[in-house]
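Position 1 is the first residue of the sequence, and the numbers go up from there. None of the values given here were measured: they were computed from a predicted structure.
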Amino acid sequence: SLVTGRSLQARLAYVEAEGQMKMPFEDKLPTRQEQLATLQNTPEFDVLVVGGGATGAGCALDAVTRNLKTALVERSDFSSGTSSRSTKLIHGGVRYLQKAIMKLDYEQYMMVKEALHERANLLEIAPHLSAPLPIMLPVYKWWQLPYYWAGIKMYDLVAGSHCLKSSYVLSKSKALELFPMLKKDKLVGAIVYYDGQHNDSRMNLAIALAAARYGAAIANYTEVVRLLKMTDSATGKERVCGARCRDVTTGQEFDVRAKCVINATGPFTDSLRKMDNQETANICQPSAGVHIVIPGYYSPDNMGLLDPATSDGRVIFFLPWEKMTIAGTTDTPTDVTAHPIPMEEDINFILSEVRNYLSPDVEVRRGDVLAAWSGIRPLVTDPNSKDTQSICRNHVVSISNTGLVTIAGGKWTTYRSMAEETLDAAIKEHKLPAGPSRTMGLMLEGGKDWTPTLYIRLVQDYGLENEVAQHLAATYGGRAFEVAKMAQVTGKRWPIVGKRLVSEFPYIESEVIYAIKEYACTAIDVIARRTRLGFLNVQAADEALPRIVKIMAKQLDWSEQKKKEELEAAKTFLYQEMGYKARSEQLTKTTEISLTPQEVARYCKRFYKFDKESKGFITTLDVQHVLEVSIDENALHEILNEVDLNKNGQVELDEFLQLMSAVQRGQISDSRLAILMKTAEESLDLRGPVSVDRSGGGV
């Protein structure tokens, strides 16, 4: 009854909030061009938010729903920074609670309590994008069982009525039944607790689009070049009164005037504070967190794992997400950059930690890493406190002498309460005419008409595949019908509509067209933040790119040159920021061939079954001759190209041996050439030599 009581409360708050608010763009979002025109032609906004991450979008939604004239600019894409590179958890922070109890730290305790309150709200206002996830804590020493149990029960208690589901203890056999990949030795039992999980970049977008529907003028790829200032006639003080902005796509510059400017730029907090005042001391201490994605078979469908004691004291999460498994994270000081790169040593650190608690018969291979990324946590030191050294785990709202409001630090889960606090401070400082915040219980984009059975209607009404329908419902919520309406007829008996971008993922072509309505401007926006293909599998994303660029080019009228640039930029993004580089270097780095003489002989034999003329190399023609199935010429080129290190269009014997050696060491998995040649060899051996009578008897 607690849960129903809570949702009723939220519903009432929502109905009340809805009653007072107008949603001018409920049916159709303004285009990006229309948004830019509004930014340029509005004499003065009440609030201009700089930054389109979770916090910035949250501030814009909070402001516009208090009936303030609101603008938001983002120099890249919505959620292109840290907000799309998170652990995908909506959590109160189990380890923060542990610290709070150990150090009797009341501030830390309140932070956990607030986060748990926000967690409940976020699951309520975007039910399509978020869900509770059980997380298992395996216990390997008897004395730890009561210790961890007490800690987790405290977590439930602090959540109070916002507790998702009660935690419970499992015996060793039950834990292994639920998580068969766990290491059996020394396991004494496990504790399961619940946190929330979400699709972070889509959640960020849902907040930004909700703000746009309520009338906020929002624009991505719009950069702040400098802040505008004027002297207040009453006090003689200089005040920030807007920003000079530049449309990154065209280079055109214009002024956006506003009574109040909010700096919500995450890791880039200090660069905007320095635009305001060159002398300001830095408050951001950026830290990089790397995550990797490995295949879904490494974790059960609906249970995560938390390793509370890694070799260096960091917490490692191991979570099912979008039918894959996410493992992370690291925590290393870093420089601020718009393009953080996951490093090989971080990837290997996570893999070795994962190996520690998975069963020895599950081989965790370097080649199983399908994608990897690094996100920059904007940790801050509080400028208002005496001790500037102590990093504040909470967020900080500060107002400069010129009236620039900065919100920094904090975490994804608490974006809404951070925005509320920021707007309260801004309204007070700038004497803006506004009431209290109305975002608690306010449904986000797609949340309103979503039901758990919505996908069934999509299957029945449009003839979409079940998996595709479930994906559309979980991504677009009540707006999924708009995407389904655009889906093309496949020409097959089933599914009737919905052409997939790549066969093994449920993303369909009409999502690319819909992404443009959601302000996607580049191919990267589509593979990284509208769909999550780049985060789930870099090779699949790479494969889908030409089709995505083609669809976007048709919609946006791109020239051949522009198409080429988009394709190149997206390939670079996958290579650098999504771990493709680290993946492809596995073959070039491991030049030494660690095979026994018997293995070398076996692989040479396999090689020469293809290289019948003993040329010393294989080409696509050789592969086609041996295989009985016909493979598309382009696909074959790609298969060989993965292995062809010197890029001369053919695979030499030493390249083949290097590949087999890397496959054996587990540095490479799913090499299409290795698997093709192995199966071809097996079928050749089965066929045996063609006998004379079968070949026509020599007549």
Side-chain angles (χ1 to χ4, degrees), residues 7 10 14 29 52-58 60-61 77-80 82-91 115 118-133 164 194-213 301-302 304 319-324 326 411-416 419 439-455 458 467-484 505-508 511 514-515 517-520 525-526 528-536:
S7 48
Y14 165 63
L29 279 167
T55 313
L61 181 59
D77 182 25
F78 303 112
S79 195
S80 60
T82 311
S83 299
S84 61
R85 300 171 200 239
S86 73
T87 312
K88 324 289 179 228
L89 282 180
I90 309 171
H91 61 130
E118 290 300 323
R119 176 185 76 174
N121 179 58
L122 199 48
L123 289 166
E124 188 89 44
I125 62 177
H128 57 305
L129 288 169
S130 57
L133 176 75
L164 302 177
Y194 285 80
D195 251 329
Q197 190 182 41
H198 68 157
N199 182 343
D200 53 4
S201 70
R202 293 288 330 175
M203 187 70 86
N204 192 154
L205 200 62
I207 302 165
L209 295 178
R213 290 206 188 267
D301 283 347
N302 194 30
L319 311 161
W321 184 68
E322 303 277 319
K323 299 196 164 59
M324 294 290 173
I326 286 184
K411 46 196 227 280
W412 224 123
T413 311
T414 54
Y415 83 88
R416 192 211 63 81
T439 48
M440 196 77 198
L442 182 81
M443 297 305 262
L444 300 181
E445 174 84 351
K448 200 166 125 207
D449 305 313
W450 179 85
T451 63
T453 54
L454 177 97
Y455 77 95
L458 288 168
E467 192 193 0
V468 171
Q470 282 179 344
H471 151 68
L472 293 182
T475 304
Y476 305 96
R479 305 256 171 210
F481 293 99
E482 296 177 31
V483 186
F505 287 93
Y507 300 116
I508 57 171
E511 290 183 73
Y514 192 74
K517 292 184 188 298
E518 297 180 318
Y519 307 123
D525 297 347
V526 175
R529 298 171 282 270
R530 303 302 180 283
T531 73
R532 304 311 304 271
L533 201 45
F535 278 81
L536 294 169

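Using modelled atom types, one side-chain atom of Gln197 and one backbone atom of Pro320 make a donor-acceptor pair closer than 3.5 Å. Distance alone, capped at 3.5 Å, is enough to place a donor-acceptor pair between the Thr531 side chain and the Val526 backbone. Formation of a donor-acceptor pair under 3.5 Å by the Glu511 side chain with backbone atoms of Ile508 is found in this model. A distance-only check finds a donor-acceptor pair linking the side chain of Thr413 to the backbone of His91 [under 3.5 Å].
For Ala57, the side chain to side chain contact (heavy atoms under 4.5 Å, CB included) partners two or more places apart in sequence, or in a different chain, are Asn204, Ile207, Ala208. Annotation: ring-ring contact (aromatic ring centres under 6.0 Å, His included) contacts of Trp321 (sequence neighbours excluded): none.
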- Verify side chain to side chain contact (heavy atoms under 4.5 Å, CB included) between Thr475 and Glu322, making sure each step is shown before the conclusion. CA-CA 11 Å; Thr475 304; Glu322 303 277 319; 5.7 Å; no
- Message: Run Arg119 and Asp195 through side chain to side chain contact (heavy atoms under 4.5 Å, CB included) and show every step you take.
- Response: CA-CA 8 Å; Arg119 176 185 76 174; Asp195 251 329; 2.7 Å; yes
- Give the intermediate values and the outcome of side chain to side chain contact (heavy atoms under 4.5 Å, CB included) for residues Phe535 and Ile326. CA-CA 10 Å; Phe535 278 81; Ile326 286 184; over 6 Å; no
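When side chains are defined from C-beta on, Leu472 does not count as touching Tyr455, because their heavy atoms never get closer than 4.5 Å. At a threshold of 4.5 Å between non-hydrogen side-chain atoms, the residues Leu319 and Lys88 do not count as touching. Between Tyr519 and Leu205, every side-chain heavy-atom pair lies at or beyond the 4.5 Å cut-off. Inter-residue side-chain proximity for Lys517 and Leu209 is flagged as unmet; no heavy-atom pair is nearer than 4.5 Å. The shortest distance between side-chain heavy atoms of Arg202 and Glu518 falls below 4.5 Å. Between Leu122 and Tyr415 there is a side-chain heavy-atom pair separated by less than 4.5 Å. By the 4.5 Å heavy-atom criterion applied to side chains, Glu124 and Met443 are not counted as neighbours.
Put simply, CG on Leu442 and CZ on Arg416 are 10.0 Å apart, with the number rounded to the nearest 0.5 Å. For the atom pair OG (Ser130) and CG (Asn121), the distance works out to 10.0 Å, reported to the nearest 0.5 Å. For the atom pair Glu445 CD and Ile125 CD1, the distance stands at 12.5 Å (nearest 0.5 Å). A distance of 12.0 Å separates CD1 in Ile90 from OG1 in Thr414, rounded to the nearest 0.5 Å. Atom CG of residue Leu458 and atom NE2 of residue His471 lie 11.0 Å apart, to the nearest 0.5 angstrom.
Ring geometry for Phe505 versus Tyr507: interplanar angle under 30°, hence parallel rather than tilted (30 to 60°).
Contact check on Lys411 versus Glu118 returns no salt bridge, with no Lys/Arg side-chain nitrogen under 4.0 Å from an Asp/Glu carboxylate oxygen.
The two residues Pro132 and Leu123 have their closest heavy-atom pair at N-CD2, 4.1 Å. Pairing each heavy atom of Ser201 with each of Ser79, the nearest pair is CA-OG, 3.3 Å. Nearest heavy atoms, Ala473 versus Leu454: CB-CD2, 3.6 Å. The two residues Ala54 and Ser83 make their nearest non-hydrogen contact at N-OG, 3.0 Å. Nearest heavy atoms, Gly446 versus Arg479: CA-CG, 4.1 Å.
Outside the 6.0 Å centre-distance limit, the rings of His128 and Tyr476 are not counted as a close aromatic pair.
Tested against Asp200 for a side chain to side chain donor-acceptor pair (under 3.5 Å), the candidates Arg85, Arg529, Arg532 yield a single pass: Arg532.
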